[in-house]
Protein chains: 2
Amino acid sequence: MNYTFSHRVQSLKPSAIREILKNSSAPGVIPLSAGNPAPDAFPYEAIGVISQRLLQDTPIAALQYSVTEGYAPLREHLRAYMAQKHQVGTEKDEVLITSGAQQVMDLLTKTLLNEGDTVLCEAPSFIGSLNTFRSYRAKLRGIPMEPDGVSIAGLREALETEKNIKYFYTIPNFQNPSGITMSLEKRRQVYELCRDHNVLILEDNPYGDLRFAGEDLPSIKSFDQEGVVMYAGSFSKVVSPGMRVGYAIGPQEVVQKMVVCKQGEDVHSNIWAQIVCHRFMTEYDYEAHLEGLRSIYRRKAGVLVEAMREHFQPLISWSPFEGGLFAWCTLPEGVDMLDFVKRAADRKTCVVPGTAFLTDESERCQSFRINFSTPTDGQLREGIRILGETAREMAE
Amino acid sequence: MNYTFSHRVQSLKPSAIREILKNSSAPGVIPLSAGNPAPDAFPYEAIGVISQRLLQDTPIAALQYSVTEGYAPLREHLRAYMAQKHQVGTEKDEVLITSGAQQVMDLLTKTLLNEGDTVLCEAPSFIGSLNTFRSYRAKLRGIPMEPDGVSIAGLREALETEKNIKYFYTIPNFQNPSGITMSLEKRRQVYELCRDHNVLILEDNPYGDLRFAGEDLPSIKSFDQEGVVMYAGSFSKVVSPGMRVGYAIGPQEVVQKMVVCKQGEDVHSNIWAQIVCHRFMTEYDYEAHLEGLRSIYRRKAGVLVEAMREHFQPLISWSPFEGGLFAWCTLPEGVDMLDFVKRAADRKTCVVPGTAFLTDESERCQSFRINFSTPTDGQLREGIRILGETAREMAE
């Protein structure tokens with residue numbers, strides 16, 4: 001047999017992150033390349049108790065087919081919770097439960113994008129989402145990041161010049177990979193600019209609850225009275241990523257089309273996991289749990305920053321970050337970034353090259369991404385020491 | 001905001017089955033329209049025990065991110081089990097765990113099909129899969145069904161005349177909706193014909209383990225030494241549909257592309273469910289469980305046939321079926337099928353109109369589909385009585 005693949009697949013490459021993740025689980029490797037929640041961040045005792053009761057009391061409900069839109073009590077709870085706590089969602093919005101937030105990116109793209117249409121995104125941006133957009137043959141246009149979020153001038157210029165723009169993809173809180181948080185001023189500007197150009201905003205907020213410094217800022221969706229924003233939320237970083245439970249909150253008309261697309265992809269998301277998430281949110285002290293997570297990551301970020309101060313300065317710089325799971329580090333001119341990442345990997349310390357997060361991987365980039373949630377404190381200190389040493393050797 | 005949807009979505013309609021399923025869960029409705037496994041078919045005690053142990057002993061493994069290909073021990077076990085028991089899979093094949101078998105249909109289509117390419121399918125065929133193919137703007141070409149499976153003359157003619165055929169989609173065992181099982185002779189012919197035309201076969205086998213009469217036949221994949229067949233298996237009918245665990249066994253080269261597509265859709269499938277399926281297959285008497293399922297459905301099919309003999313004959317006929325969950329019934333000329341389905345629904349008895357399973361829903365069809373796994377015995381008898389009464393009234 002000869003296989004002829006679709007155009008969309010011919011141009012796809014396996015995600016560099018996934019490929020790196022595979023190697024990073026080899027014995028002895030220090031995993032600064034992953035994005036896994038810390039093992040002590042899982043509320044596994046509560047999940048065990050909920051799951052046991054669920055499978056004893058109402059096993060059929062937890063194991064039978066369900067509806068595509070998602071477990072109704074979870075949808076209702078999320079609607080109320082997100083409206084009350086985050087001013088996210090209006091009467092014109094609908095909630096859809098997805099198989100992880102990645103599926104929100106997938107379903108919105110499937111719903112809106114024809115081959116060759118344009119997606120605006122931050123540059124750099126989350127490689128997983130970029131690859132999803134690429135799988136629909138989107139034309140990706142990256143907008144440069146500034147310390148307080150995406151460049152407004154760059155966004156305006158792109159909105160005015162690009163054709164068939166379907167949405168602007170943004171991670172306003174502790175962006176992956178840059179760690180940057182968009183300022184309140186810019187959130188309003190982004191909302192108004194996109195609204196005025198009749199372009200949807202895909203607001204991806206997987207890390208919003210993981211702020212360990214500074215003050216919470218309102219989401220872009222909280223300004224939305226006109227159906228401009230599709231909000232993507234996730235339980236991956238706050239309950240469990242292996243459960244694959246995410247959600248979309250967005251304009252009814254768009255969500256209903258996404259539901260039809262989801263029917264064809266996986267019928268519905270794992271129902272056990274949806275019920276567990278619902279009960280964990282409603283029967284436990286969810287806010288105390290989130291506060292606990294923030295403590296864990298505040299402490300781990302502290303370990304990272306202390307190690308970077310000792311081993312990175314003055315050669316490697318890093319962007320300030322007030323939450324999330326990542327630090328964005330930049331090598332001095334003269335140190336080849338890809339060579340650096342390769343040498344570090346040879347020393348069993350894995351980080352992700354910054355080029356992986358660009359719309360064009362062949363562009364020049366001096367940065368790399370460090371994850372501080374996956375490694376132990378010891379691995380973190382040792383990994384940073386090895387990275388610092390590697391950079392010094394290369395700079396000499 | 002004005003929303004402009006993609007071409008693929010503009011032409012999509014919500015699945016009639018899903019829409020009917022929603023109504024069929026209303027109080028008092030007799031659900032002959034669904035496809036849910038019988039409540040007593042769930043091994044929920046075993047799942048409860050496995051899950052409890054899992055979440056106590058290795059909670060992080062059950063809740064953390066995993067790899068896109070699926071839980072390695074489950075993939076390895078399935079490879080060995082399917083090769084040994086069903087002669088499915090060779091060294092050139094690979095196993096991919098999916099979010100239900102529906103995702104096999106989705107990923108293969110994404111991997112192979114450009115807009116406007118042709119998919120050959122049985123007519124009638126499973127609406128869920130047809131809608132997946134439609135979501136990629138496939139041109140669907142239906143091949144008529146005969147009592148021993150798809151028309152070979154029809155398949156040959158289509159293979160010779162259609163352009164850009166990407167695969168032939170077939171459910172050889174207890175086909176949904178017709179209940180028809182493809183003969184051994186035809187399985188060989190289908191394999192050879194497609195191989196000779198360099199066209200893949202997508203063999204969907206969700207009901208293969210649910211044979212309650214007659215003798216097992218080898219799957220088309222069991223003939224495959226040349227990478228012609230993508231086999232789709234599922235735990236939905238034999239363990240739990242709400243878990244959403246299915247799998248593909250097919251040519252390495254194709255599966256690897258499907259993995260890249262899956263990365264962009266949902267990263268990986270719920271890992272708890274994958275581990276539960278693995279442990280249930282390896283730590284329990286899986287063959288005894290399957291035998292138990294066959295007993296349940298043999299009995300329920302007996303209840304259905306007895307009721308049909310009493311209330312349908314001679315007006316409504318039905319195709320013989322030796323397994324699966326469905327019976328395909330045909331109304332006499334002169335009784336309008338869609339009107340019949342509507343009148344039955346008014347009497348709170350839901351069946352699926354046969355037109356829902358055609359590539360062109362506007363074609364004429366006198367048949368409807370009955371599911372006998374979801375309703376209780378009492379509902380089944382009462383539903384059949386109401387359907388028979390409705391048909392008699394309309395025929396008068």
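None of these values were measured; they are calculated from a predicted model. A note on names: the letters A, B, ... follow the listed sequences, proteins ahead of strands, and every chain is numbered from 1.
Using a 4.5 Å cut-off between heavy atoms, A/Ile47 touches chain B through backbone and side chain atoms alike. With a 4.5 angstrom heavy-atom cutoff, A/Ser236 touches chain B only via side-chain atoms. Using a 4.5 Å cut-off between heavy atoms, B/Phe5 touches chain A through backbone and side chain atoms alike. For B/Val239, no part lies near chain A; criterion is any non-hydrogen pair under 4.5 Å. In this structure, chain A has heavy atoms under 4.5 Å from both the backbone and the side chain of B/Leu200. Contact of A/Thr111 with chain B is made through backbone and side chain together, with heavy-atom distances under 4.5 Å. Both the backbone and the side chain of A/Lys110 come within contact range of chain B, each with at least one heavy atom under 4.5 Å from a heavy atom of that chain. In this structure, chain B has a heavy atom under 4.5 Å from the backbone of A/Ser269, while its side chain stays farther away.
Counting heavy-atom pairs closer than 4.5 Å to chain A, the top-ranked of the candidates B/Glu265, B/Gln103, B/Glu226 is B/Glu265. The choice from B/Leu55, B/Thr132, B/Asn198, B/Ile271 that makes the most heavy-atom pairs within less than 4.5 Å of chain A is B/Asn198.
By the 4.0 Å N-to-carboxylate-O rule, A/Lys262 lies too far from B/Asp266 to be salt-bridged with it.
Around CD of B/Gln252, the count of heavy atoms belonging to other residues, nucleotides or ligands within 6.0 Å exceeds 12. For OH of A/Tyr44, the number of neighbouring non-hydrogen atoms (other residues, nucleotides, ligands) closer than 6.0 Å is 12 at most.
With hydrogens and angles ignored, the 3.5 Å screen pairs a side-chain donor or acceptor of B/Asn270 with a backbone N or O of A/Met243. Between the side chain of B/Tyr65 and the backbone N or O of A/Ala34, no donor-acceptor pair lies under 3.5 Å. With A/Gln52 contributing its side chain and B/Val49 its backbone, the two residues share no donor-acceptor pair below 3.5 Å. Formation of a donor-acceptor pair under 3.5 Å by the B/Ser135 side chain with backbone atoms of A/Gly264 is not found in this model. At least one donor-acceptor pair closer than 3.5 Å links the side chain of A/Arg8 to the backbone N or O of B/Leu113.
Within the 4.5 Å cutoff, the side chain of A/Val9 has no heavy atoms near those of the B/Val260 side chain. Residues A/Gln64 and B/Pro241 meet the side-chain proximity criterion, which asks for heavy atoms closer than 4.5 Å. Annotation: side chain of B/Arg244 is not in contact with side chain of A/Trp272 (no heavy-atom distance under 4.5 Å).
Side chains of A/Ser99 and B/Ser99: a donor-acceptor N/O pair is absent below 3.5 angstrom, by distance only.
Put simply, CD on B/Glu45 and CD on A/Gln56 are 9.5 Å apart, with the number rounded to the nearest 0.5 Å. How far CG of A/Asn114 is from CZ of B/Arg137: 7.5 Å, rounded to the nearest 0.5 Å. Of the inter-residue distances, the one linking A/Gln263 atom CD with B/Asn131 atom CG reads 7.0 Å to the nearest 0.5 angstrom.
Cation-pi geometry between A/Lys257 and B/Tyr3 is not satisfied (NZ or CZ under 6.0 Å from the ring centre, within 45° of the ring normal).
Smallest separation of non-hydrogen atoms from A/Leu63 and B/Phe42: O-CE2, 3.4 Å. Between B/Val228 and A/Met1 the shortest heavy-atom distance is CG2-CG, 3.6 Å.
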